[in-house]
A.B. asks: 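Would you mind keeping the following structure in view while I ask a few things?
Everything quoted here is computed from the prediction, not taken from an experiment.
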Amino acid sequence: MTTAAPLQESFIRRVRSAAASHTLSHAIILTGTGDLAGAARFVAAAHLCREDGAPCLRCNSCRKVMEGIHPDVITVQDTEHKELTVEAVRQLKQDVYVQPNEGQRKVYLFADCQQLNERDQNVLLKIVEEGPPYAAFLFCASSAHGLLPTVRSRCVELKLRGDEGPADLAEAAALCRAIAGKKATGLAEYLCDLENRRIKREELRPLLQGAWQIAAEALLQRRGKAPDDALAPYTHTLSPLTDTALRRTEDVLRRLAAECETNVGPGHVLGALLSLMQQEVYRR
Ligand SMILES: [Zn+2]
């Protein structure tokens, strides 16, 4: 059975809270670089699960959805042609008016929106707008730009961030926490630990980039920007820093993340991080 484990915590929370408050949109575009198909199954399960905390991922309905065998989840994909055939779209137009088999809803999962040409999208737009109330639509697209603005305007977009998944950001948040302790000794201990673990440059780069993104997001939030789903859960790690200290920290992290792109050793970067933080943040 496929589980939702690789999905981002923030994504899971957002879907569950929408399902709990009965505000899960009937038309959703899933974008980004993560496991879009897995995310789509998770949302489909949320539509069909009748337990608390939907999708519970334990009930019969959830299990069938996650295994891809629920009769009310229809995956629309043509593996033989580049685009969906006219016939497939015509069939869908009729099928949508056939009541669900065992669930309260019927979910159409479009696995690859690149298969939807303009004509298909215009037909779908009409179904999304005028179809029966039990019908729900999930569009998987690496970018929402492949969909017509009219379709996008009828849908809620949920973004996944695959490359900087929860593991990287959780680790980056630990670095942020060490930085925000505002004591050089605390940060030195954390960095020593990384060095003792013989962290590689390929690991250090996403770590610094993640910490930098968290710092940049924390700064933007202080300036009133709406929170980013993936980064917002980690920005509190930097809350002990003043605005000035946060700005300087963001600058140091950005410079060192860039330095990791060149051929420097991780030990050098870790040493530079400690001394720059001492000079530019802690001693001021
Ligand atoms: Zn369930």
Side-chain angles (χ1 to χ4, degrees), residues 5-13 32-35 142 159-284:
L7 291 175
Q8 276 169 273
E9 274 301 318
S10 55
F11 175 84
I12 290 172
R13 264 204 310 276
T33 48
D35 175 16
S142 49
K159 278 188 193 150
L160 286 187
R161 199 183 297 250
D163 301 340
E164 276 115 35
D168 288 344
L169 281 178
E171 182 78 8
L175 170 58
C176 289
R177 213 171 276 122
I179 284 173
K182 288 201 272 193
K183 286 203 189 77
T185 46
L187 180 60
E189 270 173 34
Y190 175 86
L191 297 177
C192 263
D193 184 50
L194 288 185
E195 208 162 4
N196 291 340
R197 274 162 45 195
R198 303 201 179 281
I199 187 167
K200 296 190 188 79
R201 200 174 61 219
E202 309 86 79
E203 297 163 333
L204 187 56
R205 188 171 43 206
L207 177 65
L208 288 170
Q209 272 168 353
W212 165 49
Q213 284 177 344
I214 293 171
E217 171 69 15
L219 263 182
L220 287 171
Q221 274 182 28
R222 288 190 191 185
R223 291 171 188 159
K225 180 194 149 276
D228 173 275
D229 282 345
L231 295 165
Y234 304 104
T235 49
H236 70 274
T237 53
L238 292 167
S239 58
L241 298 181
T242 63
D243 285 5
T244 312
L246 180 56
R247 217 173 45 242
R248 290 193 178 131
T249 300
E250 190 258 351
D251 184 57
V252 166
L253 289 168
R254 183 171 43 77
R255 273 149 56 197
L256 289 175
E259 202 160 325
C260 273
E261 305 286 341
T262 64
N263 205 17
V264 293
H268 167 83
V269 177
L270 294 173
L273 175 57
L274 184 61
S275 85
L276 283 172
M277 287 302 295
Q278 275 176 325
Q279 284 164 35
E280 303 192 16
V281 182
Y282 299 142
R283 282 197 198 139
R284 296 218 180 194

A.B. asks: Closer than 4.0 angstrom, basic N to acidic O: yes or no for Asp193 and Arg197?
C.D. replies: yes
A.B. asks: Enter the distance from Ile199:CD1 to Leu194:CG here, rounded to the nearest 0.5 Å.
C.D. replies: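 These two atoms lie 4.5 Å from each other.
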A.B. asks: Are Asp251 and Arg255 within salt-bridge range, i.e. N to O under 4.0 Å?
C.D. replies: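 Yes.
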A.B. asks: Are Thr244 and Val281 side-chain neighbours, meaning at least one heavy-atom pair lies under 4.5 Å?
C.D. replies: no
A.B. asks: Would you check if Leu256 and Met277 make a side-chain contact, meaning some heavy-atom pair closer than 4.5 Å?
C.D. replies: no
A.B. asks: Might you point out which heavy atoms bring Thr235 and Ala218 nearest each other, and give the distance in Å?
C.D. replies: CG2-N, 3.7 Å
A.B. asks: Let me confirm one number: the CZ-CD distance from Arg205 to Glu203, rounded to the nearest 0.5 Å.
C.D. replies: 11.0 Å
A.B. asks: Under 4.5 Å between any side-chain heavy atoms of Leu208 and Leu175, yes or no?
C.D. replies: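 Heavy-atom side-chain distance check passes, below 4.5 Å.
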A.B. asks: Kindly compute the distance separating CG (Leu241) from CZ (Arg247), expressed to the nearest 0.5 Å.
C.D. replies: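 The CG atom of Leu241 sits 12.0 Å away from the CZ atom of Arg247.
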A.B. asks: Determine the minimum heavy-atom distance between Ala232 and Glu217, stating which atoms define it.
C.D. replies: N-CG, 4.5 Å
A.B. asks: Drop me the distance from Glu250's CD to Gln213's CD, to the nearest 0.5 angstrom.
C.D. replies: 10.5 Å
A.B. asks: Which heavy atom of Leu169 sits nearest a heavy atom of Leu231, and at what distance?
C.D. replies: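 Looking at all heavy atoms of both residues, the closest pair is CD2-CD2, 3.8 Å.
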A.B. asks: If you define the side chain from C-beta out and look only at heavy atoms, does anything of Leu253 sit under 4.5 Å from Ile179?
C.D. replies: yes
A.B. asks: Give, for atom OH of Tyr190 and atom CZ of Arg177, the distance between the pair rounded to the nearest 0.5 Å.
C.D. replies: 9.5 Å
A.B. asks: Do you know the tightest heavy-atom contact between Gln209 and Ala257?
C.D. replies: CG-CB, 3.9 Å
A.B. asks: Is there a side-chain contact between Val252 and Thr249 in this structure, where contact means two heavy atoms from C-beta onward sitting under 4.5 Å apart?
C.D. replies: no
A.B. asks: Minimum heavy-atom separation for Asp243 to Arg222, with atom names?
C.D. replies: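 Taking Asp243 first and Arg222 second, the nearest heavy atoms are OD1-NH1, 2.8 Å.
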A.B. asks: Mind listing the closest non-hydrogen atom pair of Ala184 and Leu274 along with its distance?
C.D. replies: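 Smallest interatomic distance, heavy atoms only, reads O-CD1, 3.8 Å.
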A.B. asks: Do Pro266 and Glu195 have side chains that approach each other closer than 4.5 Å (heavy atoms only, starting at C-beta)?
C.D. replies: no
A.B. asks: Do Leu220 and Asp228 have side chains that get closer than 4.5 Å, going by heavy atoms?
C.D. replies: no
A.B. asks: Would you compute the distance between atom CG of Leu219 and atom CG of Leu238 and round it to the nearest 0.5 angstrom?
C.D. replies: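 Reported value, rounded in 0.5 Å steps: 9.0 Å.
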A.B. asks: Counting only heavy atoms not in Lys200, do more than 12 sit closer than 6.0 Å to its NZ atom?
C.D. replies: no
